[in-house]
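Below you'll find the structure, written out as structure tokens, and then a few comments.
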Amino acid sequence: TYLANLLIDMYGKCGSLADASAVFGGIRRPNSFSWTIMMAAYARNGELSTARQLFDAMPCRGLVAWAAMVAAYAHQGLMPDAQDMLQRMPHWNVATWNAMLWAYGRAGNVDAATGLFTSMPEHDMVSWLALLTAFDRAGQVQEARAAFDAMPEHSAAACTSMLVAHARHGQLDKAVLLFDRMPPGTATMASWNALVAAFAAAGDLRAAESARAAMPQTSLDAWNSIVAAQAAAGQLQAAKAEFDRMPEHDAAAWNALLLAYLRSGNPDGACDLLEERMPVGAADLVSRNAVMACHCRAGRLGRARRVFDGMSERDAVSWNTMVAGYARTGDLAEAERLFRNMPRWDVVTCNLMICAYADDGRPAEAVRLFDTMQERD
RNA sequence: UCGAUACCUUUUUUU
């Protein structure tokens, strides 16, 4: 059972739900770990209702199982459901509070986050980090820094997050200082990656490169951030050269290169890369979505649609991109058709359809959709 | 040291 549990966990974390549940089903006597791991696997992969069914079917539910279910709802932003589970839990612990804290922070609800933080009976390093992140997400760097300074101790994760926050707000000096002040040997790969990305995003490629070279191990992530920074600056040749120096290329690397073509005004190069030169399996959802968006912006709806139709899986961005493409070219009929056939609508979907109706001179439809949206909240 | 909450790289879609 021990080994089977490890296996379920592994499959769950890499998205192979079918394999995970096959292993789970093959266990003679699943223990409480097995149940919770399987449940978390469904939750992680967005199958919330299946997770809930499993939760309800569990022979006995420990604190971790309850906390995991709360976290699952909170992670999806389903705060009412999360609250409801909270009420029904026999006990609470820090992890439960932390899950709620992160959800508030992610939603940009600083007030709820700070309120919860102050009313929590105890805090651990994750709680502090969640608070810092909540401020950062809301664009409040100073408050984030105040939270950082108030922490009882500075974990590597906290330093990394604070570093990123400074860098995002153009405070490269503060970011670098933070890294330099970290006790020797405590910087994780994440910290190093963040440092390299900070230099690269600020345009200091020389510093980025030397930081990357100084890393204890080679990091594709750090390398990707350098390529991406050049791509974002529209430097196609430099990005390509950097890309070619890399020992290996993961999906993020290919996407960074794609971005270089797109940002340097070379959509055809991007398409060619995606459709002809990228190795099979290298392209992921982000790659296809990016190229689709590019076709749409250039008014080539047919080509965009071909990419869309050829996708084995589509996410909200894929659908939204396609709908937006039709709406922009004035083909509202097709946009509407897709809109109705979408598996799920999010805020972006509603916004773009409202705008589309408004632009098309159908304010009544726009208002109706807006009202529907309000009700669903 | 079998399970829940956290940090880094690629972010593409609406305003």
Side-chain angles (χ1 to χ4, degrees), chain A residues 1-10 12 31-41 43-44 62-72 74-75 93-103 105 124-130 132-133 155-164 188-198 200 219-229 231 250-259 262 284-294 296-297 315-325 327-328 346-356:
Chain A
T1 307
Y2 177 91
L3 287 177
N5 287 349
L6 283 174
L7 209 55
I8 301 172
D9 196 37
M10 196 198 75
N31 59 18
S32 60
F33 284 72
S34 326
W35 283 93
T36 314
I37 297 169
M38 193 61 233
M39 193 196 94
R44 196 192 313 276
L63 181 57
V64 175
W66 281 95
M69 203 60 228
V70 172
H75 194 90
N93 69 357
V94 210
T96 318
W97 299 116
N98 289 345
M100 300 292 286
L101 203 51
W102 278 103
D124 63 5
M125 293 197 306
V126 177
S127 328
W128 280 100
L129 188 53
L132 190 162
T133 306
S155 63
C159 293
T160 306
S161 294
M162 197 62 236
L163 192 162
V164 172
T188 60
M189 287 298 272
S191 325
W192 280 98
N193 288 338
L195 180 72
V196 173
S219 159
L220 288 183
D221 289 339
W223 223 317
N224 288 341
S225 69
I226 297 177
V227 177
D250 58 9
W254 285 104
N255 289 341
L257 187 62
L258 265 179
L259 193 72
L262 298 176
D284 64 2
L285 261 175
V286 175
S287 331
R288 295 182 213 284
N289 287 343
V291 173
M292 253 174 55
C294 191
C296 284
R297 213 167 296 138
D315 64 2
V317 175
S318 325
W319 285 94
N320 289 339
T321 306
M322 211 55 235
V323 173
R328 198 187 343 234
D346 61 14
V347 200
V348 175
T349 321
C350 294
N351 286 345
L352 77 87
M353 280 309 290
I354 290 173
C355 292

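To find a chain, count down the sequence lines: A is the first, B the second, and so on, and within it residues start at 1.
Backbone-only contact: A:Ala194 has heavy atoms under 4.0 Å from sugar-phosphate atoms and none from a base. Across all strands shown, A:Ser161 has heavy atoms under 4.0 Å from sugar-phosphate atoms exclusively, and none from any base. Among the heavy atoms of the strands, none lies under 4.0 Å from A:Asp124. Among the protein residues, A:Ala71 comes within range of the sugar-phosphate backbone only, with heavy atoms under 4.0 Å from sugar or phosphate atoms but none that close to a base.
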_Protein within reach of the bases, or only the backbone? For nucleotides 10-15 of chain B, mark each nucleotide 5' to 3' as B, S or -, using heavy atoms under 4.0 Å._
BSBBB-
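If you take CE of A:Met39 and C1' of B:A4, they are 7 Å apart, rounded to a whole angstrom. In this entry the distance linking CG of A:Leu257 with C1' of B:U9 reads 15 Å, nearest Å. Distance CH2 (A:Trp66) to C1' (B:G3): 17 Å, rounded to an integer number of Å. Atom C1' of nucleotide B:U5 and atom CZ of A:Arg44 are separated by 11 Å, given to the nearest angstrom. We find that CG of A:Leu129 is positioned 14 Å from P of B:U5, with the value rounded to whole Å. The CE atom of A:Met69 sits 15 Å away from the C1' atom of B:G3 (whole-angstrom rounding). Remark: P of B:A6 and CH2 of A:Trp97 are 17 Å apart, rounded to the nearest angstrom. Counting to the nearest Å, the C1' atom of B:G3 and the OH atom of A:Tyr2 are 12 Å from each other.
For the side-chain hydrogen bond (donor to acceptor under 3.5 Å, both in side chains) with A:Asn289, the lone residue among A:Asn320, A:Asp315, A:Thr321 that qualifies is A:Asp315. For the side-chain contact (heavy atoms from CB on, under 4.5 Å) test with A:Ile37, the passing option among A:Leu7, A:Leu6, A:Ile8 is A:Ile8; the others fail.
Counting only distance, with no hydrogens or angles, the side chain of A:Asn93 and the backbone of A:Thr96 share a donor-acceptor pair below 3.5 Å. A:Ser161 places no side-chain N or O within 3.5 Å of a backbone atom of A:Ala158 that could act as its donor or acceptor partner.
For A:Ala99, the side-chain atoms get nearest to B:U5 when compared with the rest of B:U9, B:U5, B:C2. Checking B:C7, B:U5, B:C8 against every side-chain atom of A:Ala95, the shortest atom distance belongs to B:U5. Closest to the side chain of A:Asn31, out of B:U5, B:C7, B:C2, is B:C2.
Side-chain polar atoms of A:Asp250 and A:Asn224 form a donor-acceptor pair below 3.5 angstrom. A donor atom on one side chain and an acceptor atom on the other are found under 3.5 Å apart for A:Asn5 and A:Ser34.
Aromatic stacking of A:Phe33 on B:C2: satisfied, with centres closer than 5.5 Å and planes within an angle under 30 degrees.
Summarising the geometry of A:Asn255 relative to A:Ser287, their closest heavy-atom pair is OD1-OG, 2.5 Å, with the distance given to 0.1 Å.
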